[in-house]
Amino acid sequence: MGLPASQARFRCRSCGVVAHADLNASRNIARKCEAVWNAGCESRVPVFSP
């Protein structure tokens with residue numbers, strides 16, 4: 001019992017790429033997490049030391 005074809009498949013309206021919806025979503029989440037992680041690693045906020 002899988003998802004209906006319309007929900008299991010993602011098709012980009014802009015470029016037409018077709019991918020499995022869950023795989024596409026997980027890649028998007030991973031890409032955003034990596035960007036947030038890297039932004040935190042590159043922070044230039046001074047460290048407070050008493």
Tell me, please, which residues at least two apart from [X] pass side chain to side chain contact (heavy atoms under 4.5 Å, CB included).
| X | value |
| --- | --- |
| L23 | H20, S26, R27 |
| C33 | I29 |
| V18 | R9, R11 |

Which residues satisfy the side-chain hydrogen bond (donor to acceptor under 3.5 Å, both in side chains) test with N28, sequence neighbours excluded? R31
Which residues share a side-chain hydrogen bond (donor to acceptor under 3.5 Å, both in side chains) with R13, sequence neighbours left out: none
